S.K.: 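Take a look at this one; I'll ask things after.
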Protein chains: 2
Amino acid sequence: MARVGLTPERLVRAGAELADEVGFDEVTVSALARRFDVKVASLYSHVRNSHDLRTRIALLALEELADRGAAALAGRAGKDALAAMANVYRDYAREHPGRATAARMRLDPETAAAGAGVRHARMTRAILRGYDLEEPDQTHAVRLLGSFFHGYVSLELGGGFSHSLPDSEETWTRLLDALDALLRNWPAPSAP
Amino acid sequence: MARVGLTPERLVRAGAELADEVGFDEVTVSALARRFDVKVASLYSHVRNSHDLRTRIALLALEELADRGAAALAGRAGKDALAAMANVYRDYAREHPGRATAARMRLDPETAAAGAGVRHARMTRAILRGYDLEEPDQTHAVRLLGSFFHGYVSLELGGGFSHSLPDSEETWTRLLDALDALLRNWPAPSAP
DNA sequence: TGGAGTTGCCTAAAGGCATTAGGCAAGCAG
DNA sequence: CTGCTTGCCTAATGCCTTTAGGCAACTCCA
């Protein structure tokens with residue numbers, strides 16, 4: 001009964017790797033135990049339950065994304081910043097599909113707030129600082145970008161844009177052009 | 001052993017209702033059997049397996065959405081059509097959160113093509129007919145709308161926009177303004 | 001109307017994941 | 001070296017999925 005040296009951190013990191021390999025949905029306490037060559041019950045001293053494990057993986061992914069975002073945003077503004085952040089999301093999703101799926105997991109508000117949620121919100125607002133948007137339009141724009149990135153990554157990860165032309169790469173570039181143009185020329189409310 | 005009169009259709013419909021009540025993730029062969037007061041094994045003559053059941057619920061939802069979309073789009077063009085379609089997605093998600101989640105389930109390409117996927121693509125292109133977009137920009141725009149609707153509905157369903165101001169309703173209206181403006185003034189590619 | 005056949009729902013069984021309770025031994029402190 | 005903490009284990013329960021095989025309820029046709 002050699003001790004393996006489990007810790008919550010090691011479990012979460014291994015869980016994230018597992019997610020990237022076999023998909024976030026397949027990340028299970030049992031599979032993780034198998035990976036450490038340890039009995040399932042042993043994990044329960046380090047992780048509350050399955051949901052807790054998945055939540056922690058999501059928080060790890062959000063943290064990593066925020067780190068990358070902060071690095072990418074440094075010294076950039078306007079469209080440059082927009083494209084940099086967009087590519088961070090996208091590249092992360094390609095390198096770490098499982099983690100990226102985890103990052104889109106629904107978290108209860110307190111958990112999200114305690115984690116990197118705040119950093120993400122701040123970063124999005126930092127991008128918008130390069131455009132001339134007053135409140136409440138800035139918030140609308142935050143939600144637009146959030147929805148678009150979330151949706152695009154979901155669809156691309158799900159294979160929605162493969163096997164069809166033009167390729168996803170081109171669409172991505174052009175849509176960033178389009179969003180930049182939109183943010184520069186944000187329309188006034190239409191007549192009700 | 002009175003016969004209950006199970007059919008694939010009844011199972012799928014009941015599954016969709018179950019999804020709306022308890023969430024798509026909780027839709028399980030066992031739960032469905034319980035709802036019909038029938039043993040679990042009995043469902044397996046009508047549905048291949050759990051994944052098949054969920055897929056069929058997704059296809060039902062896509063079909064319903066396409067029906068509503070077709071009705072909403074009739075006789076509308078331009079922004080009017082855009083808003084009508086957007087509201088179809090959104091209202092459906094509110095009335096039938098479980099089905100709406102199902103509709104965003106990842107389907108393999110053949111299944112999607114065999115189902116209402118084609119109708120959805122056609123409808124989106126019909127909306128864009130009111131704007132002056134040539135290929136490949138039209139395809140880019142299809143993907144933009146798809147990503148945005150998908151993402152927005154996901155976030156809203158997950159509670160992302162509740163408990164914060166401005167309320168989701170206002171953002172929704174303003175973002176439709178914004179998308180309309182963008183489609184009317186679609187930018188040329190930026191210099192590489 | 002009364003079989004004969006089909007079909008629908010059942011029993012039985014095996015395998016997997018999640019979770020909890022309680023035990024033993026490995027590693028640390030003195 | 002002795003005792004204590006703590007980490008991993010055994011054991012057990014409950015729920016879900018899926019398959020195989022059986023009996024009874026319908027159907028249909030003579």
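Chain letters run A, B, ... following the sequence lines, proteins first and then strands; every chain starts at 1. It should be emphasised that the depicted structure is a prediction, and the values quoted were computed from it without experimental measurement.
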S.K.: Can you tell me if the side-chain N/O atoms of A:Ser45 get under 4.0 Å from OP1 or OP2 in D:dT6?
M.R.: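 It does not, given that no N or O in the side chain of A:Ser45 lies less than 4.0 Å from OP1 or OP2 of D:dT6.
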S.K.: Using every non-hydrogen atom in the two residues, find where A:Pro8 and A:His46 come nearest and quote the distance to one decimal.
M.R.: CG-O, 3.5 Å
S.K.: Measure the acute angle between the ring planes of B:Tyr89 and B:His120, then classify it against the limits of 30° and 60° as parallel, tilted or perpendicular.
M.R.: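 Judged by the thresholds at 30° and 60°, the geometry between B:Tyr89 and B:His120 is parallel.
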S.K.: Tell me which nucleotide among C:dT11, D:dT17, C:dC9 gets nearest to the side chain of B:Leu6.
M.R.: C:dC9
S.K.: Take the protein atom NZ of B:Lys39 and the nucleotide atom C1' of C:dC9, then report the distance between them rounded to whole Å.
M.R.: 11 Å
S.K.: Please state whether the phosphate of D:dC9, meaning OP1 or OP2, lies under 4.0 angstrom from any side-chain nitrogen or oxygen of A:Arg3.
M.R.: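 Answer is no, no contact under 4.0 Å.
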S.K.: So, is A:Ser42 near the phosphate of D:dC9, with a side-chain N or O under 4.0 Å from OP1 or OP2?
M.R.: yes
S.K.: How close or far is atom P of C:dA18 from atom CG of A:Leu32, stated in whole angstroms?
M.R.: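 So the CG-P distance, A:Leu32 to C:dA18, works out to 10 Å.
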S.K.: Check the distance between C:dG15's P and A:Arg34's CZ and give it to me in whole angstrom.
M.R.: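 In whole Å, C:dG15 P and A:Arg34 CZ are 15 Å from each other.
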S.K.: For the pair made of CG in A:Leu43 and P in C:dC17, what is the distance, rounded to whole Å?
M.R.: 13 Å
S.K.: Return the value, rounded to whole Å, for the distance between atom CG of B:Asp52 and atom P of D:dC16.
M.R.: 19 Å
S.K.: Under 4.0 Å, counting only non-hydrogen atoms across every strand here, what does A:Val40 touch: a base, just sugar-phosphate, or nothing?
M.R.: base
S.K.: So which one's nearest nucleotide on DNA chain C is more toward 5', B:Val38 or A:Asn49?
M.R.: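 Nearest nucleotide further toward 5': that of B:Val38.
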S.K.: Could you give the CZ-to-P distance, from A:Arg54 to C:dC17, as a whole number of Å?
M.R.: 14 Å
S.K.: Starting from C1' on C:dG8, measure out to CZ on B:Arg10 and report it in whole angstrom.
M.R.: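 About 13 Å, once rounded to whole Å.
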S.K.: Relative to the ring of B:Phe161, is the ring of B:Tyr152 parallel (under 30°), tilted (30 to 60°) or perpendicular (over 60°)?
M.R.: tilted
S.K.: May I ask you to evaluate whether B:His46 reaches the phosphate of C:dT7, defined as a side-chain N or O under 4.0 Å from OP1 or OP2?
M.R.: no
S.K.: Measure the distance from CG on A:Asp37 to P on D:dG7 and round it to the nearest whole Å.
M.R.: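 Answer to the nearest Å: 19 Å.
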S.K.: Distance to the ring centre below 6.0 angstrom and angle to the axis at most 45 degrees; does that hold for B:Arg54 and B:Phe24?
M.R.: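 Judged by the rule (NZ or CZ under 6.0 Å from the ring centre, within 45° of its axis), B:Arg54 counts as positioned above B:Phe24.
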S.K.: Any idea how B:Trp172 and B:Phe148 line up, ring-wise: parallel (<30°), tilted (30 to 60°), or perpendicular (>60°)?
M.R.: parallel
S.K.: Counting just side-chain N and O atoms, does A:Ser50 come under 4.0 Å of either OP1 or OP2 of C:dA18?
M.R.: yes
S.K.: Consider the side chain of A:Ser30, meaning its heavy atoms from C-beta on, and name the nucleotide among D:dT18, D:dC9, C:dA18 that approaches it most closely.
M.R.: C:dA18
S.K.: Check whether any side-chain nitrogen or oxygen of B:His51 sits under 4.0 Å from OP1 or OP2 of D:dT17, and answer yes or no.
M.R.: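 No, B:His51 has no side-chain N/O under 4.0 Å of OP1/OP2 on D:dT17.
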S.K.: Looking at C:dA18, I'd like to know if its phosphate oxygens (OP1 or OP2) sit under 4.0 Å from a side-chain N or O belonging to A:Thr28.
M.R.: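 Result: yes.
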